[in-house]
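Here is the naming used below: chain letters follow the sequence lines, and residue numbers restart at 1 for every chain.
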Protein chains: 2
Amino acid sequence: MITIQKVAELAGVSVATVSRVINQKKAVSAKTREKVEKVMKEMQYEPNMLGRNLRTSQSNLIIVMVPTISNPFYVKIMKGIEDAALKEGFHIMLCMTDSQYEREEAYFHLIRQKLADGIISLDPGTNFSKLLNGSKKYPIIQCCEYSELEDVPYVAIDNKEAAYKASKHLIQLGHKRIALINTDEHYIYASHRKQGYLQALKDYQIPALEEYMLNVELNFEHGQRGMRKLLQLKEKPTAVFCVSDILAVGAIKEIMRGGYKIPQDIAVAGFDNIEFSYMMNPTLTTIAQPMYEMGAEAGRMLIQQIKNKEEKIENLLLDYELIIRESTMG
Amino acid sequence: MITIQKVAELAGVSVATVSRVINQKKAVSAKTREKVEKVMKEMQYEPNMLGRNLRTSQSNLIIVMVPTISNPFYVKIMKGIEDAALKEGFHIMLCMTDSQYEREEAYFHLIRQKLADGIISLDPGTNFSKLLNGSKKYPIIQCCEYSELEDVPYVAIDNKEAAYKASKHLIQLGHKRIALINTDEHYIYASHRKQGYLQALKDYQIPALEEYMLNVELNFEHGQRGMRKLLQLKEKPTAVFCVSDILAVGAIKEIMRGGYKIPQDIAVAGFDNIEFSYMMNPTLTTIAQPMYEMGAEAGRMLIQQIKNKEEKIENLLLDYELIIRESTMG
DNA sequence: TTAATTCTTGTAATCGATTACATTTACAGT
DNA sequence: ACTGTAAATGTAATCGATTACAAGAATTAA
């Protein structure tokens, strides 16, 4: 292996000088720089990051914690994060938690162990105060979710407003019996989306019925199961607002299985604008979160925090968009 | 920051002893071990990985190179890799190449720079000989694809056989006009799948028509576009075999847009068994690759190679399965 | 020419672990 | 009690970079 020592020796300079050349410090004469660079190229020298990392106490790695990569919602966010990271010379470690606390804890260790410089959490369930356990602050950004309690900077959208907009869309199509398939409301985003839904109903004098509001786990099967329940009601809803596309996909599957037409019999709206929402039949009306940008911003914010730990990071609310497709307007 | 020195001092032993406790070496008396462990716990000591990594010249990181994470085909594979890695104390770095050579090269640097110990490539287009550039071997595993030319161990399935089976299924349903939507045949897997398709046609005395065989890029839009072309033929095919589910999804979209019925007018078979294949309407007949296992095996093989660089790694062909769903049998 | 100043370069400490080798301790056998 | 062996522990080198500080070289000002 070619080390900085070997390069220094071959170039007839000290390791300090080689290091200066590597790190683009200006205090090197053109002649020397040239000489060193020539040797580096000839020897195909590559600095050993392990040495550098130890010395600088930085790994240039950031952890991205995601509950499961199987929800396509996360895909573009990850891409955004990676691009932002790459731009600053960082790389990302993919960590799937399955929403298990032990996993999250294990990944948190990596920061304590200096293997990573910071964390972006895409997992809405992350319990930071428990994880941090009173210890000093580490660079963390929460993406797509936030908790007022914990003091972790976030990037997200205004979920209440967005849900309001989606619900209003259904109402304005003439629907009066609108169901909500939600997920665990201890996630702030879920509770906000419900608030938006309720507000819309209220503003348009539509009574909110308990039996139209379901809480299920966030996956396809539970979307199906939730819809099945709704279809068994005497007064079936004529529209369903799902707080996640993946739930909407399940709901649609179940509606079609029951022989109903979308949107004539039942209209469906989702949330997230995953790629499949425009590939499926019918295409899905949904709220588009700016996923790539959210990821990119989260990455940018985290790296800013890593570079300057003192600095206070501002939270960020990005724009969303209602995308109307076949599932509500045939 | 608590270092091993501080722990040693507080426990009244040498750093060597603390290190032995950390690494579970047996040459420590029960009494001493207990004492050291107590101090470590009290101080919440966490070994600094940067120090360890430099000394052992291992990062315990593996690179997973993926063209784009937006093809859900990769999702379960990644999960398999991560689980296998975690079991051995490794973590994964996610690297998206967009199939760009420069990106791949940049990631390869990470190995030369010791930032990662090995690579699993999910990118069928990776040009290893160019990347390696005659330099000594690094631990690499190719997953889902292989090239006979380059001497890189792989885990995959028998693509020719699998494609044969899918094509035969369509033939046995009575189809005579069967199209193939393929992708760039310089990917071995693509060329093998075509071979399987051709072999099936031949075995059942069905002529292979040039105009039924398309090569497109591997994404939804090109699936649509390919199908559109097929629908413009005078003699439209009655069945289509797509070498990737994502293409099949596009094809199905286009078929329905044209007002045709699936599978009555046109049957569709895919390849990969991505999650959406059973969520969509109609559900998709496809070849299921054992994605999780492939990932897990690739992870296992890579780590084996990292731990013992001399050892010759055996290639692995795993089982596949034809899953028949609505898109071929209403 | 000399002194002051600025640029370049080198020396050696350092980051935090692991580990070869040396040394001490414990204990069994006689 | 003495010796030999095994077990436990310690000392110090080492991994490959960065960087504070020192020192030498070059330039400028007088």
Side-chain angles (χ1 to χ4, degrees), chain A residues 1-40 43-61 89 109-117 307, chain B residues 1-40 43-61 89 109-117 307:
Chain A
M1 161 159 240
I2 319 283
T3 68
I4 199 174
Q5 276 83 1
K6 218 161 289 174
V7 173
E9 191 183 333
L10 289 170
V13 300
S14 73
V15 293
T17 300
V18 178
S19 176
R20 287 186 195 108
V21 171
I22 294 168
N23 296 289
Q24 319 267 19
K25 297 271 164 65
K26 66 273 151 172
V28 182
S29 73
K31 195 164 37 130
T32 311
R33 160 162 285 130
E34 209 172 308
K35 193 169 54 177
V36 172
E37 275 168 349
K38 181 152 161 283
V39 174
M40 292 201 297
M43 297 284 99
Q44 301 201 49
Y45 167 72
E46 303 260 5
N48 181 317
M49 290 302 174
L50 302 179
R52 171 181 298 173
N53 289 349
L54 171 59
R55 182 56 225 241
T56 60
S57 205
Q58 266 221 21
S59 64
N60 281 5
L61 250 35
H109 272 302
L110 300 181
I111 293 218
R112 296 215 180 81
Q113 297 174 155
K114 297 272 179 190
L115 231 197
D117 296 335
K307 289 193 170 164
Chain B
M1 162 159 239
I2 319 284
T3 68
I4 198 173
Q5 276 82 0
K6 218 162 290 174
V7 172
E9 190 184 333
L10 289 169
V13 299
S14 74
V15 292
T17 300
V18 177
S19 176
R20 285 191 271 259
V21 171
I22 295 168
N23 295 289
Q24 318 267 20
K25 297 271 164 64
K26 67 270 149 177
V28 183
S29 73
K31 193 159 39 113
T32 311
R33 160 162 285 129
E34 210 172 308
K35 193 169 55 181
V36 172
E37 275 169 348
K38 183 153 158 283
V39 174
M40 292 200 298
M43 297 284 99
Q44 300 202 52
Y45 166 71
E46 303 259 6
N48 181 316
M49 289 304 173
L50 302 180
R52 173 181 296 172
N53 289 349
L54 171 59
R55 181 58 226 240
T56 60
S57 205
Q58 268 220 16
S59 65
N60 281 7
L61 249 36
H109 272 302
L110 300 181
I111 293 216
R112 296 215 182 80
Q113 297 174 156
K114 296 271 178 193
L115 231 196
D117 297 335
K307 289 192 170 166

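No engagement by A:Met49 is indicated, since no non-hydrogen atom pair under 4.0 Å with the nucleic acid exists. Using a 4.0 Å heavy-atom cutoff across all strands shown, A:Val13 reaches sugar-phosphate atoms only and no base atom. Counting non-hydrogen atoms under 4.0 angstrom, B:Leu50 reaches nothing in the nucleic acid. Contact annotation for A:Lys6: no contact, since no heavy-atom pair falls under 4.0 Å across all strands. Among the heavy atoms of the strands lying under 4.0 Å from A:Asn23 are primed sugar atoms or P, OP1, OP2 only; no base atom is included. Heavy atoms of B:Ser57 sit nowhere under 4.0 angstrom from any nucleic acid atom.
Here the closest non-hydrogen pair linking B:Ala8 and B:Ser14 is CB-C, 3.7 Å. The shortest heavy-atom contact between A:Arg20 and A:Val28 is CB-CG2, 3.6 Å. Nearest heavy-atom pair, A:Met40 versus A:Ile22, reported as atom, atom and distance to 0.1 Å: SD-CG1, 3.9 Å.
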B:Ile111 vs B:Asp117, side chain to side chain contact (heavy atoms under 4.5 Å, CB included): CA-CA, chis, key distance, verdict = CA-CA 6 Å; B:Ile111 293 216; B:Asp117 297 335; over 6 Å; no
Evaluate side chain to side chain contact (heavy atoms under 4.5 Å, CB included) for B:Asn48 paired with A:Gln113, printing each intermediate quantity in order.
-> CA-CA 5 Å; B:Asn48 181 316; A:Gln113 297 174 155; over 6 Å; no
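Under the side chain to side chain donor-acceptor pair (under 3.5 Å) criterion, B:Lys307 pairs with B:Glu88, not counting sequence neighbours. With sequence neighbours excluded, the residues that form a side chain to side chain contact (heavy atoms under 4.5 Å, CB included) with A:Leu54 are B:Leu50, B:Leu54. For B:Asn53, there are no side chain to side chain donor-acceptor pair (under 3.5 Å) partners two or more places apart in sequence or in a different chain.
Between the CD1 atom of B:Ile4 and the P atom of D:dG10 there is a distance of 12 Å, given to the nearest Å.
For the atom pair A:Glu9 CD and A:Thr3 OG1, the distance stands at 8.5 Å (nearest 0.5 Å).
Taking a heavy-atom distance under 4.0 Å as the criterion, the stretch of DNA chain C touched by chain B extends 5' to 3' from C:dG16 to C:dT19.
Against DNA chain C, the stretch residues 30-37 of chain A makes heavy-atom approaches under 4.0 Å through A:Thr32.
A donor and an acceptor atom, one from each side chain of A:Thr56 and A:Gln58, are nowhere located under 3.5 Å apart.
When side chains are defined from C-beta on, B:Lys114 counts as touching A:Met1, because their heavy atoms get closer than 4.5 Å.
In terms of position along DNA chain D, the nucleotide closest to A:Leu54 lies nearer the 5' end than the nucleotide closest to the other residue of the pair A:Arg20 and A:Leu54.
Each end of the helix from C:dT1-D:dA30 to C:dT30-D:dA1 gets its own axis from five base pairs, and the two axes differ in direction by 40°, given to 10 degrees.
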